[in-house]
J.: 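Handing you a structure now.
Just so it is clear: chains get the letters A, B, ... in the order the sequence lines come, proteins before strands, and each one is counted from 1. Here the structure is a predicted model, which is why all the values come from computation and not from measurement.
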Amino acid sequence: MDISNFLAAVLTLGIFSFLYKDNPVYRACEAIFVGVSAGYWAIVFFFDNLQKKFWEGVFPPDGSAGDHLLWFGAILGVLMLFRLSSKIGWIARWPLAFIVGATAGLYMITYFVSNAMNQVADTMLSLIVVNDVTGSIIWTQTIGALVVAVGVISGLVYFFFSKEHKGVFGATAKVGIWFLMITFGASFGYTVMSRMSLLIGRMSFLFRDWLGLIG
Amino acid sequence: MASTIATILLILVGVSLLYIAYRTITGRPVERRIVFIYIALAVALPLFMTLPAPVQVTPDVERLYDALEELRPGSKVLVSFDYDPPSAPELQPMAVAFMKYAFKHDLRVIVMGLWPQGPQLANLAIEEAMADQEIAAKNLEYGVDYVNLGFQSGNEFVIQAMGTQFKRMFPQDDRRIPYDSIPLMANVTNFSNVDFVFNLSSGKPGTIEWVQIAVDRFGATMGAGNTAVQAPQVYPYLRAKQLHGLLGGMSGAAEFEKIVEEPGDGTTFILSQMFAHAIVILFVIIGNAAFFTERRKQE
Amino acid sequence: MRREVPLIITSIAGLVFAISFFIPLLGDAQNRFSDWVSIVQSFAVWLGLLNLTKVSLEKITRKREGWQYAILTVVSLVIMLAIGMFDGFSGLAQDPPVSYREPGTNFDWMFRYVYTPLTSTMFAMLAFFVASASYRAFRARNFEATLLLVAGFFVMGGRVPLFDLLIRWFTDYPLFNQFADWIMTYPNTAGQRAIMIGIALGIMSSSLRIILGIERSHVGGQ
Amino acid sequence: MKRPPQKTTRRIVLLALLAIAAFALAVPAQTTDPSEPVADTLLPDTSAITPSQAPAPVPSVTVKDNPNDNGGAIRITWELSPADTAGGLVAGYNVYRADSETGEFRPVADAPSGTAFATDNRVENGKDYYYKVTAYSQYIDAGEDKVQVQSSGQVYGPVQASWQVFNMDRLICLILVLTVSGSIIHFIRKARRGGAIYVRKIGGIDAVEEAVGRATEMGKKIFYIPGIQDMNDVQTIAGIAILGRVAEKAAEYETWLEVPVSKSLVMVTARETMKEAYAKMGRPDNFQENQVHYLTDDQFGYAAAIDGMVVREKPATIFYMGAFFAESLILAETGNAAGAIQIAGTAMPSQLPFFIAACDFTLIGEELFAASAYLSGEPRQLGSLKGQDVGKAIFLILIIVGIIFATLNIYDLSPYIKVGQ
């Protein structure tokens, strides 16, 4: 049992103590967590971005010509820090505006292309899937294609807000919500799976890496 | 020995659930800390057991395997580590199995991360893969057979700029070697020069951003491993062939380990996963049984 | 001035990224902007750090509730920064340079044995909360919720060899595994796709409003 | 839209910014890397070829400008070497480039066996280049070094790289983007002019009145949780809009409505919103500032604090409207155990399942924004909603027509809609 793993185990158990009830040990571990993680992020961004990309980009260590346009990024970044002041904090909106604008421009197209158009294209499918060689219908895939087509169409109808859900339209929307529920059910199952995995990881750390009880 | 004790304890846990069911249905639910103990036992005890769990490889995992099998020796694979330690139980087994597969099949691996913790987790995975005897015998050389480009800030904008030039975002690798001095990167300018992209992702930026930018804008061929929380959301990409294969959560990891024949943590953990699911399902059933009994009484 | 400048910056940045998808010539401008985004993001991380320090120091000096913990936060922050800075700069001074987070550095040790257990355990607690919520809150209170729970059951029991082990006495065929896979591949894909298309349109419309300056909450306006 | 007073300042700033943008555009970025290729140390001298071990050369090579790009790239395709078979001699291909037919050829790209294309991304636009592709085999020599043995290669070219003004592959995409954008802008303007825009009924919103009424009957509190994100998240904004409606009802029924928040900016906004709502219902004096209070920024700390409040005070109704993360579970579980009616609304996909399973009503994703548009009556939101519906209608029609055409085997329309390389 080495000291490194012992420390890690103490911190692990300290956080878990919250499950019994909120207590000073948990709050201490939490406080350390906040500090360490802020420090971790700051160091990584400092060396990998500010030092490596910006500073050595402007002043390359091999003495070649630097890319001085990077200064604009740094100036915007420094303006961001003005947010700490209440008097001239408004100037921090400039870099923010830049980030918001760039993100909006990038997202507007990427989401439209990848999440709408390419999905629509893939839904324009033949409802009858035929085996290329024998020419017979592949039933499993045919049913699958039907499910995808009905699900996407009815789901879209459910999220249609400018028409009342009545008649055929309403019935379609009803089918849509069933599909959404099955989808959420699948997400539910997967999320439970994920959360349990996190715990398995910690348990295996405690019993295997720390206590060495498992081979 | 430990296995037998664990099995007996698990059976006891199962039996005691009957008592909890009885209490709950008669309107005296147990407090949540009791539930906590159950889940802890359900996860911890199976770790001591040696039961083999029959893992069944699903088509999504097979598709990734088929895509990898198509890659000839010498192909360049870009692997992006976009996750942090909390998601490691799910994604690290995938990473390790992938690295072992890649090294054994002479694929050349370029590692990077859009999450600050990514490159360090990549180092851990490479360390573990290198411990394999067959791989150790190959004497793989850093910079020639694999390289860790490190982390860069900017989320999806990093992928966007990499579409023109990797060097722009990674002027030096994680070991501070200039991009131009890395033999592996000599002929790699952008996505058009790598043969496959593999992404391990637990959120944003991750698989969704990689598909949107690297695949749909710059034409990369890509497969992914996701945490189970995110996996359901990327299924539409899988169907639309924007993704070639998907490993979802712990079960995806175990299946991948099985198909590439590199059993590791995914295979070990799947038993715990199974019992944890069983407990959750039983608790939902008990809770609902009580709910319906009470509702009937009210009517 | 306070409103107009940011609005113009927003529009230019947005337009460059949107239009360059169709006009390759704008690729250079787009890459420059990506550089800047990358650098600004680092400053944002440092802003967060300075903010945390400010809030913590205020808490300590004014002896607000939990100020003792704030001291711990500041101390651990300073230790982490000191270790990182020392490893970083001493590594840079070596020839050839060594990264601050190569295996074996103090910073890597902090990552493995302090940062990793804390952050992993924080999230691992969710497993317990899911379990207790499944016992106390997840109810088949109407048809929709029932459908959700049933689908969830089949996925949970099918994705791990749980249900298939239970039917082992009757058949070796992985029935539930196949069914879980079917749910994921067809109904789940359909539902996710409908949601995805809706969200894509939503993002498109909010991005459009931001670029055109109709939406200006990010610059502090209506 | 008010006209700003200092027009001149605005113009100067605008010009300055445009100048910066133009500068950024005009200065050539280092996308084309005119520096000489660096790979020559890796590859052996071509004079060292042992003909007996060299694989058969590639039969033919095509070189052309990489299409639809900003220039700086040439696409090289070739026919596989006859020796490139499973278990054959070929380990891969090397691509060499020179400025003239007889010039010095340097390696610029490589490809594994079985691959018949490569892209050279390091060329300048408008300059002649010549290419040579060789197949190579590889073996490990006595010193455990990898040695490549190359085939001969013919010279192909000249070829030039150039940039394209418009990416023609994306024309249909542009048309669709413009159509949807146009309809969004159209409906926003229509709504601003006071045109009526219909929004269908949304289940959870009707339940608000009932839920508030129940709290009044029981003489208990109502809690309203606006999520853990700040005011820059659209979900929080939507949550606050819905809070306005809930506050009106609470003011009308004189029921105590409490809003614990985790961001100070949200606290300020929520107070404003509630004050307005109480004033609107003619009961401005009934609103007290401490109805909205800040707990903590910390995710689990916030959840734990609400947890305690719910257990102690047993509210009749709890609303969750906004952006939620992992804490949603803890909140919904405690509320459920306390026997409260719970109404939730969020667009976080991973939290929605838990809310649906644990709450009585849930606004799913976009329904949250639709409800907020409907309740606030804001032209921007209403117009966008309608414009997005136009987009959905277009996609629905495309999908249905596409399915019919594909099923009846008339024509496959999907390649026209698919965008990609």
J.: Measure the spacing between CZ of A:Phe46 and CZ of C:Phe43 and express it to the nearest 0.5 Å.
T.: 9.5 Å
J.: Quick one: are the ring centres of A:Phe98 and C:Phe33 less than 6.0 Å apart?
T.: yes
J.: Which heavy atom in C:Gly84 sits nearest to a heavy atom in A:Phe47, and how many Å separate them?
T.: O-CE1, 3.5 Å
J.: State, with a plain yes or no, whether a side-chain heavy atom of C:Leu81 is found less than 4.5 Å away from one of A:Ile43.
T.: yes
J.: Just how far is it from atom CE of A:Met80 to atom CD of C:Gln41, taken to the nearest 0.5 Å?
T.: 9.5 Å
J.: Counting heavy-atom pairs closer than 4.5 Å to chain C, which one of A:Pro61, A:Ala92, A:Ala74, A:Pro95 comes out on top?
T.: A:Ala74
J.: Between A:Ala97 and C:Pro6, what is the shortest heavy-atom contact and its length?
T.: CB-O, 3.3 Å
J.: Look at A:Ile143, A:Val192, A:Ile91, A:Leu146 and state which one has the largest set of heavy-atom pairs under 4.5 Å with chain C.
T.: A:Val192
J.: Where does A:Phe160 contact chain C at under 4.5 Å (heavy atoms): side chain, backbone, both or neither?
T.: neither
J.: Measure distances from A:Pro24 to the heavy atoms of chain C and classify the residue's part below 4.5 Å as side chain, backbone, both or neither.
T.: both
J.: Quick one: closest heavy-atom pair of A:Leu69 and C:Trp36, and the distance?
T.: O-NE1, 2.9 Å
J.: Measure C:Phe153 against the heavy atoms of chain A and call it side chain, backbone, both or neither at under 4.5 Å.
T.: neither
J.: Which atoms of C:Phe107 are under 4.5 Å from chain A, going by heavy atoms: the side chain, the backbone, both sets, or neither?
T.: side chain
J.: Between A:Leu156 and C:Ala194, what is the shortest heavy-atom contact and its length?
T.: N-CB, 3.9 Å
J.: Heavy atoms only: give me the nearest C:Ile39-A:Asn49 pair and the separation to one decimal.
T.: CA-OD1, 3.5 Å
J.: With only heavy atoms counted, which part of C:Phe123 is less than 4.5 Å from chain A, the side chain, the backbone, both or neither?
T.: both
J.: Could you name the residues of residues 29-38 of chain A that have a heavy atom within less than 4.5 Å of a heavy atom in chain C?
T.: A:Cys29, A:Glu30, A:Ala31, A:Ile32, A:Phe33, A:Val34, A:Gly35, A:Val36, A:Ser37, A:Ala38
J.: Does some side-chain heavy atom of A:Arg83 sit less than 4.5 Å from a side-chain heavy atom of C:Leu50?
T.: no
J.: Check whether C:Val130 gets within reach of chain A through its side chain, its backbone, both or neither, counting any heavy atom under 4.5 Å.
T.: side chain
J.: Which answer fits A:Thr123, side chain, backbone, both or neither, if we ask what part of it has an atom under 4.5 Å from a heavy atom of chain C?
T.: both
J.: Is there a side-chain contact between A:Asp122 and C:Arg193, using heavy atoms and a 4.5 Å cut-off?
T.: yes
J.: Non-hydrogen contacts under 4.5 angstrom with chain C: give the residues of residues 7-19 of chain A involved, or none if there are none.
T.: A:Leu7, A:Ala8, A:Leu11, A:Thr12, A:Ile15, A:Phe16, A:Phe18, A:Leu19
J.: Before giving the answer on side chain to side chain contact (heavy atoms under 4.5 Å, CB included), spell out for C:Ile199 and A:Asn115 the whole-Å C-alpha distance, their side-chain angles and the decisive distance to 0.1 Å.
T.: CA-CA 8 Å; C:Ile199 291 177; A:Asn115 289 17; 5.9 Å; no
J.: Which atoms of A:Val44 come close to chain C, meaning under 4.5 Å heavy atom to heavy atom: side chain ones, backbone ones, both, or neither?
T.: both
J.: Would you compute the distance between atom CD of C:Glu144 and atom CZ of A:Phe184 and round it to the nearest 0.5 angstrom?
T.: 11.5 Å
J.: For salt bridge (Lys or Arg N to Asp or Glu O under 4.0 Å), just list the numbers for A:Arg93 and C:Glu4, CA-CA rounded to whole Å, side-chain angles, deciding distance to a tenth of an Å, and then say yes or no.
T.: CA-CA 11 Å; A:Arg93 284 191 185 134; C:Glu4 281 70 36; over 6 Å; no
J.: Which one, A:Arg195, A:Met108, A:Arg202, leads in non-hydrogen pairs under 4.5 Å with chain C?
T.: A:Arg202
J.: Do you know which of A:Gly176, A:Gly151, A:Ala42 has the most heavy-atom pairs under 4.5 Å to chain C?
T.: A:Ala42
J.: So which part of A:Arg27 gets closer than 4.5 Å to some heavy atom of chain C, the side chain, the backbone, both or neither?
T.: both
J.: Select one option (side chain, backbone, both, neither) describing which atoms of A:Phe188 are under 4.5 Å from chain C's heavy atoms.
T.: side chain
J.: Between A:Ile109 and chain C, with a heavy-atom cut-off of 4.5 Å, which part of the residue counts as in contact: side chain, backbone, both or neither?
T.: side chain
J.: Let me confirm one number: the CZ-OG distance from A:Phe205 to C:Ser120, rounded to the nearest 0.5 Å.
T.: 9.5 Å
J.: Enter the distance from C:Ile203:CD1 to A:Thr110:OG1 here, rounded to the nearest 0.5 Å.
T.: 7.5 Å
J.: Please state whether the side chain, the backbone, both or neither of C:Leu92 comes within less than 4.5 Å of a heavy atom of chain A.
T.: side chain
J.: Which bit of C:Tyr69 is near chain A, if near means a heavy-atom gap under 4.5 Å: side chain, backbone, both or neither?
T.: both
J.: About how many Å separate OG of C:Ser42 and CH2 of A:Trp41, when rounded to the nearest 0.5 Å?
T.: 11.0 Å
J.: Run the numbers on A:Asp48 and C:Tyr100 for side chain to side chain contact (heavy atoms under 4.5 Å, CB included), then give the verdict.
T.: CA-CA 10 Å; A:Asp48 285 9; C:Tyr100 62 95; 3.0 Å; yes
J.: For A:Ala186 and C:Met184, which heavy atoms make the closest approach, and how far apart are they?
T.: CB-SD, 3.7 Å
J.: Relative to chain A, which segment of C:Leu47 carries a heavy atom at a distance below 4.5 Å: side chain, backbone, both, or neither?
T.: both
J.: What part of C:Val45 gets within 4.5 angstrom of chain A, counting heavy atoms only: side chain, backbone, both, or neither?
T.: side chain
J.: Given heavy-atom pairs under 4.5 angstrom as the criterion, report whether the side chain, backbone, both or neither of C:Arg101 touches chain A.
T.: side chain
J.: I'd like to know which of A:Gly189, A:Ala104, A:Ala28 tops the heavy-atom pair count under 4.5 Å against chain C.
T.: A:Ala104
J.: Relative to chain A, which segment of C:Ile79 carries a heavy atom at a distance below 4.5 Å: side chain, backbone, both, or neither?
T.: neither
J.: Please state whether the side chain, the backbone, both or neither of C:Leu208 comes within less than 4.5 Å of a heavy atom of chain A.
T.: both
J.: Any non-hydrogen side-chain atom of C:Trp182 less than 4.5 Å from a side-chain atom of A:Thr140?
T.: no
J.: Among A:Leu96, A:Leu76, A:Val100, single out the residue with the greatest number of heavy-atom pairs under 4.5 Å to chain C.
T.: A:Val100
J.: Side chain, backbone, both or neither: which part of A:Ile182 has a heavy atom under 4.5 Å from chain C?
T.: both
